[in-house]
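The next block holds one structure in the form of structure tokens; read it before the comments.
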Amino acid sequence: MSQYVIEGGRRLEGELQIEGSKNAVLPIIAATLLNEDITYIKNCPKIVDVKIMIEILEQLGCNIKWQDQTLIIDTRHLTTYVLNESLVKKMRSSIILLGALMGRCGEAQISQPGGCQLGARPIDLHLNALQKMNVDISEVDGMIYCNTVHLQGATINLKFPSVGATENIMLAATRSEGTTIIHNAAREPEIVDLQEFLVACGAKITGAGTSTIYIQGVKKLRGVVYQVIPDRIIAGTYLVAAAMTRGHVILNGISSNHLEATTSNLEMMGCQMVKEEKRIILSCPQELKGVNIITEPYPGFPTDMQSQMMVLLCTCKEPTYIKENLFEARFKIVDELKKMGAAIEVKDCIAYIKEYRKLTGTTICAKDLRGGAALVLAGLIAQGETTVQHIEHIERGYQNIVKDLSSLGAQIKERK
Ligand code: EPZ
């Protein structure tokens, strides 16, 4: 079981290029099933979740290969609509293959998805929407069977702006009959990127980025060459890493406007930032002022930055709190940070960072993707050596966190 070993106390300084977005590229890879052609996805991150998605599409009959940082996907010939259970259980976003397969062939068989254990993570919004689009759904022994003889557009009011459900509906609606309207749609930049990709393939979609998305079904799509947006959560992770070491970093190849909720909080804490369209320069005074964090759907503070922010708040003198509104079990790093000496108490969906404590390095355990990344950041500021176990969680979403942080001066290595 590989581990990361970090020697704390180094100030991060330097320049980094940010990789393509995991949460944009996964639905776009699923969307290639709709175009029955060859698609080139540029700036595709080489992360475990992309590897799993590739394996799932290959098992469906697609031919896929890498050309440097470009993924070439040939979806002209599908051989099955049954999704491999062991692969689906490795990743939550496999559920959006439902919408893509409904649009492609009107049939799909999938198990309940896996992925980060952040709470119940039901899929009722996905299934209810597909049923409204004339999809018959039955569940037997944990397997979900979907089929339709005629995929029909519908008006869907989401009770919560679910990212995955919004994406699933967009994928199914793209090649359905008639018009679909999604009310209370998720507004994340990854939803906009999915719309841009599908429109480039010939789809008729408008409204992504707002709460109402309109999709006019079309019969046929074509393959394209498409560049995925940069990963706003990875960019945010490295900005927070620099801030907690009171460092100075330049991040290139980003979309600054996707990071507004994170950067505005860092500025309220006292970080100085120069924000250009595709670059951010961050520098930090010795003292940062704690802020309280409340996670919300985009454009609110992203839940995927919550764990990283918790570690940064541990370096501030003021008592602060974090209210997690999206997932009921996203405070798993608290017990690990307490092993390092942090003064954090959790009550219901609020974590209280009670006072400043210098963290001490020890052996800790990653339990989910973003929490694992946050524990690596804790090692950067801890006294002595920190070992982070179960790094497989982190490798799902970070192409090379060791190389990136080392290039900024961190003392971190992987121990096989
Ligand atoms: C996406 O997950 C992201 N994953 C998550 O990032 C992110 O945390 C989340 O959106 C929120 O921004 C990908 O894009 C691959 P949701 P998703 O559906 O789609 C409830 C990461 O670290 N809900 O918006 O699963 C759900 O339980 C990952 O990169 C239902 O109740 O999130 C949760 O409380 C972690 N019924 C809330 O909605 C449903 O049918 C938000 O979930 C669907 C969701």
Side-chain angles (χ1 to χ4, degrees), residues 8-16 18 231-251 254-276 279-296 298-326 330-331 333-334 337 340-346 350-359 370-371 373-382 404-405 408-410:
R10 311 287 288 265
R11 182 171 177 273
L12 296 193
E13 279 189 281
E15 199 161 347
L16 208 51
I18 295 300
D231 195 307
R232 62 189 169 100
I233 303 301
I234 292 184
T237 302
Y238 292 144
L239 287 175
V240 167
M244 65 179 62
T245 65
R246 308 301 189 257
H248 178 280
V249 291
I250 300 169
L251 298 189
I254 62 162
S255 298
S256 288
N257 59 334
H258 294 167
L259 274 159
E260 195 48 45
T262 299
T263 53
S264 57
N265 276 284
L266 290 173
E267 284 171 322
M268 279 190 280
M269 295 177 76
C271 296
Q272 287 94 35
M273 245 171 282
V274 175
K275 290 185 269 188
E276 299 163 8
R279 183 166 85 140
I280 286 186
I281 305 167
L282 173 138
S283 50
C284 263
Q286 200 37 48
E287 288 296 316
L288 287 180
K289 186 177 177 317
V291 293
N292 297 320
I293 296 289
I294 298 173
T295 64
E296 291 164 320
Y298 194 89
F301 189 88
T303 175
D304 292 352
M305 281 300 304
Q306 181 253 101
S307 296
Q308 299 91 313
M309 209 59 182
M310 184 183 291
V311 180
L312 177 58
L313 293 174
C314 287
T315 71
C316 301
K317 292 206 169 5
E318 299 76 14
T320 52
Y321 66 80
I322 294 178
K323 188 167 188 301
E324 171 58 55
N325 284 318
L326 278 90
R330 204 166 198 174
F331 285 142
I333 67 165
V334 169
L337 293 176
M340 303 176 85
I344 307 174
E345 293 308 323
V346 173
I350 301 178
Y352 297 89
I353 298 101
K354 300 159 85 72
E355 61 183 9
Y356 170 73
R357 291 267 183 80
K358 178 73 183 157
L359 301 185
R370 306 302 174 185
L375 292 177
V376 171
L377 270 48
L380 297 176
I381 55 169
D404 288 346
L405 289 175
L408 296 175

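Below, all heavy atoms of this structure are taken into account, side chains as well, without hydrogens, waters or symmetry copies. Numbers here are sequence positions counted from 1.
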Test item: [X] and [Y] side chains (from C-beta on) under 4.5 Å apart, heavy atoms:
X: I333; Y: V311; result: yes
X: M310; Y: V240; result: no
X: L375; Y: L337; result: yes
X: E345; Y: K354; result: yes
X: L312; Y: L288; result: yes
X: M244; Y: C284; result: no
X: Y238; Y: I18; result: yes
X: T315; Y: R246; result: yes

**Prompt:** Which is it for M269 and E318 under the side-chain contact (heavy atoms from CB on, under 4.5 Å) test, yes or no, and what are the steps along the way?
**Reply:** CA-CA 11 Å; M269 295 177 76; E318 299 76 14; over 6 Å; no
For [X] versus [Y], what's the shortest heavy-atom pair and its separation?
X: L282; Y: A243; answer: CD2-N, 4.1 Å
X: L313; Y: G290; answer: CD2-CA, 4.1 Å
X: L408; Y: G14; answer: CD2-C, 3.5 Å
X: C316; Y: Y356; answer: O-CB, 3.5 Å
X: S307; Y: R370; answer: CB-O, 3.9 Å
X: V291; Y: M268; answer: CG1-CB, 4.0 Å

**Asked** Got a salt bridge between K289 and E287, using NZ or NE/NH1/NH2 to carboxylate O under 4.0 Å?
**Response** no
For the atom pair [atom1] ([X]) and [atom2] ([Y]), what is the distance rounded to the nearest 0.5 Å?
X: T237; Y: L377; atom1: OG1; atom2: CG; answer: 7.0 Å
X: M305; Y: I234; atom1: CE; atom2: CD1; answer: 11.0 Å
X: D304; Y: R330; atom1: CG; atom2: CZ; answer: 4.5 Å
X: L405; Y: L12; atom1: CG; atom2: CG; answer: 6.5 Å
X: L239; Y: M273; atom1: CG; atom2: CE; answer: 6.5 Å
X: H258; Y: Y298; atom1: NE2; atom2: OH; answer: 5.5 Å

**Request:** Test side-chain contact (heavy atoms from CB on, under 4.5 Å) on R279 and I250 and set out the steps.
**Result:** CA-CA 7 Å; R279 183 166 85 140; I250 300 169; 3.8 Å; yes
**Message:** Quick one, L16 with V249, criterion side-chain contact (heavy atoms from CB on, under 4.5 Å). Give me CA distance, side-chain angles, the key distance, then yes/no.
**Reply:** CA-CA 8 Å; L16 208 51; V249 291; over 6 Å; no
**Prompt:** Got more than 12 heavy atoms from elsewhere within 6.0 Å of OH, Y321?
**Reply:** no
**Evaluation steps, side-chain contact (heavy atoms from CB on, under 4.5 Å), between I233 and Q308** = CA-CA 10 Å; I233 303 301; Q308 299 91 313; 4.0 Å; yes
**Donor-acceptor pair between T262 and R232 side chains, under 3.5 angstrom** = no
**Asked** Quick one: do the E276 and S256 side chains pair a donor with an acceptor below 3.5 Å?
**Response** no
**Request:** Indicate yes or no for a side-chain donor-acceptor contact from T320 to the backbone of N292 under 3.5 Å, with no hydrogens or angles considered.
**Result:** no
